[in-house]
There are 2 protein chains.
Amino acid sequence: MVGGMQIRTPACRPGRPRSAAADTAILAATREALVELGWSKLTLGDVATRAGVAKTTLYRRWSGKNELVVDAVAELFGELELPDRGSLAADIEGVVLQFAAILARPEAKSGLMAAIAESTRDDALRERIRASIVDPQKGLVLEGRARAQARGELPPETDPAEAARTVDLIFDVVAGAVVHRTLVSAEPADEEWVRGFTRVLLQGLSSASVPPGPYGPAAASGTSGTSGTSGTSGTSAASGTSGD
Amino acid sequence: MVGGMQIRTPACRPGRPRSAAADTAILAATREALVELGWSKLTLGDVATRAGVAKTTLYRRWSGKNELVVDAVAELFGELELPDRGSLAADIEGVVLQFAAILARPEAKSGLMAAIAESTRDDALRERIRASIVDPQKGLVLEGRARAQARGELPPETDPAEAARTVDLIFDVVAGAVVHRTLVSAEPADEEWVRGFTRVLLQGLSSASVPPGPYGPAAASGTSGTSGTSGTSGTSAASGTSGD
DNA sequence: GAGCTTTCGATACGAGTCGTAGCGTAATGG
DNA sequence: CCATTACGCTACGACTCGTATCGAAAGCTC
């Protein structure tokens with residue numbers, strides 16, 4: 001899962017086994033370097049020095065910066081969980097907040113996005129990202145969806161192909177929105193934003209300011225009756241279309 | 001708008017004016033190099049050679065690779081338009097398809113994402129991206145929203161602060177979803193996907209399989225098989241995560 | 001323990017890029 | 001004509017890359 005999973009079993013190869021401590025030290029050093037230097041100024045020689053290993057050791061396990069950073073960042077997203085919070089809206093809000101918290105960390109920001117950028121020209125890298133980061137997240141979407149259907153919050157899906165497409169769509173919408181909010185808009189995906197996002201996701205824009213209707217029983221938002229929304233401070237809304 | 005907007009007026013500075021042709025040649029060469037080499041292997045010396053200018057000329061106008069690529073990519077997104085297609089859904093589908101078409105181009109993919117990744121550690125770069133790429137797109141959201149409210153498709157917004165938040169939210173959802181679909185999932189944001197996305201955006205997940213009004217579900221599962229994959233019944237979900 | 005296999009640390013190396021400096025020339029304005 | 005600025009070209013030190021090489025260490029098999 002980390003660098004190579006081919007060894008580990010003692011009865012596999014005769015020689016000296018690879019140091020597992022070196023793996024964790026290298027990955028931790030990579031995250032540390034990402035925080036301090038960012039992607040572009042991160043050098044493998046520096047990571048090796050931080051980890052206390054030789055540069056050659058690093059190159060024996062990872063073929064380059066891309067793969068190393070992906071593995072280092074993937075460990076961050078392994079923390080994601082989806083506890084049952086009682087309603088679909090609460091489940092979404094919970095996992096989105098977790099995702100946003102991870103994405104707010106500097107090592108995740110620069111590392112993940114740069115790796116994705118590189119993956120547009122490197123199929124093997126894209127596959128590695130998908131297997132170690134994306135697919136586990138998609139599993140959470142499946143889990144939450146199944147729970148919601150069991151609760152009756154979502155209509156059960158009859159066509160399996162349609163269901164697969166829907167899951168992919170939801171995943172792109174959720175992950176994409178949080179990533180865009182955090183990295184491009186560079187504003188925090190805090191509780192208030194997550195509440196608004198969840199409302200749009202579940203009920204759509206058409207009923208944006210209309211109180212919840214068909215499916216939203218008490219699930220509007222787990223912790224609050226947000227109906228009042230604290231907006232005041234009227235700066236300008238639709239003033240100049242072309243900003244700047 | 002391109003490299004530097006401080007000159008241009010003949011009565012401003014005495015000496016030889018900068019060649020406007022060089023600007024366009026450099027930006028075009030940058031996009032060409034992005035297509036052939038991608039972000040990581042793109043070198044400023046190579047761009048200068050392609051553009052037929054000296055490397056020093058390039059450094060006089062742009063401080064580095066980041067700024068150059070942002071300007072080169074920004075010209076791509078300048079093509080975005082929002083013609084009135086008669087309904088909010090049609091407007092959304094149209095502009096999203098345009099956005100997806102631009103994002104499908106290799107120079108946009110690797111260039112934009114790498115620049116965004118770098119912008120997490122460079123405030124000036126983030127501001128440049130915002131001013132030249134993000135804000136114009138947000139203007140389209142404002143325009144479409146105003147049209148929809150004029151048509152009565154969306155409730156008119158009373159609180160300006162709330163409206164501004166909603167616009168930001170919509171923008172993050174739309175742009176983020178398309179970017180994630182194109183770059184992370186690495187699948188095309190084609191018409192079928194855009195239809196499904198628009199439906200979720202307007203009506204939410206709760207009414208996912210309820211046939212909406214204007215757009216018939218006839219096209220919902222038309223072309224492209226992709227059948228099988230990802231068991232539906234998966235109540236346990238966690239097991240067969242790796243779909244596709 | 002002897003012998004084999006593999007990993008590890010350290011160093012050195014050619015290749016490539018970076019960003020800048022220097023110089024002479026070209027183009028514009030006073 | 002002269003001042004000023006942009007341009008093309010060359011060259012340079014500094015840095016990183018990825019690899020090769022070497023001796024030493026750590027584990028397995030016998």
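Computed over heavy atoms, backbone and side chain alike; hydrogens, waters and symmetry mates excluded. Below, read A as the first sequence line, B as the second, and so on, with proteins coming before strands; counting in each chain starts at 1.
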Requested in this report: Would you mind telling me which residue lines up with the more 5' stretch of DNA chain D, G15(B) or A54(B), judged by nearest nucleotide?
Outcome: G15(B)
Report summary line: Heavy-atom contacts, protein to nucleotides 18-23 of chain C, under 4.0 Å, summarised as B (base), S (sugar-phosphate only) or - (none) per nt, yield SBBB--
Query - Pair of N/O donor and acceptor under 3.5 Å linking dT7(C) base with R16(A) side chain - result: yes
Query raised in the report: When you check the gap from the basic side-chain N to the acidic O, do E79(A) and R105(A) get nearer than 4.0 Å?
Result: yes
**Report entry** Carboxylate-amine/guanidinium contact D91(A) R85(A), below 4.0 Å
**Finding:** no
Report task. Could you note down all residue pairs passing ring pair (Phe, Tyr, Trp, His ring centres under 6.0 Å) where residues 95-146 of chain A supplies at least one of them, sequence neighbours left out? Result -> F77(A)-F99(A)
What is the distance from [atom1] of [X] to [atom2] of [N], rounded to the nearest Å?
X      : N       : atom1 : atom2 : result
L58(A) : dA10(C) : CG    : C1'   : 15 Å
D23(B) : dC7(D)  : CG    : C1'   : 13 Å
I26(B) : dA6(D)  : CD1   : P     : 13 Å

Query raised in the report: Which residues satisfy the side chain to side chain donor-acceptor pair (under 3.5 Å) test with E36(A), sequence neighbours excluded?
Result: R50(A)
**Report entry** Note, V173(A) side chain near F197(A) side chain (heavy atom, < 4.5 Å)
**Finding:** yes
Report task. Please confirm whether the backbone N or O of W39(A) pairs with a side-chain atom of K65(A), one donor and one acceptor, at under 3.5 Å? Result -> yes
Requested in this report: Counting heavy atoms from C-beta on, name the nucleotide in dC7(D), dG27(D), dC8(C) closest to the side chain of P17(A).
Outcome: dG27(D)
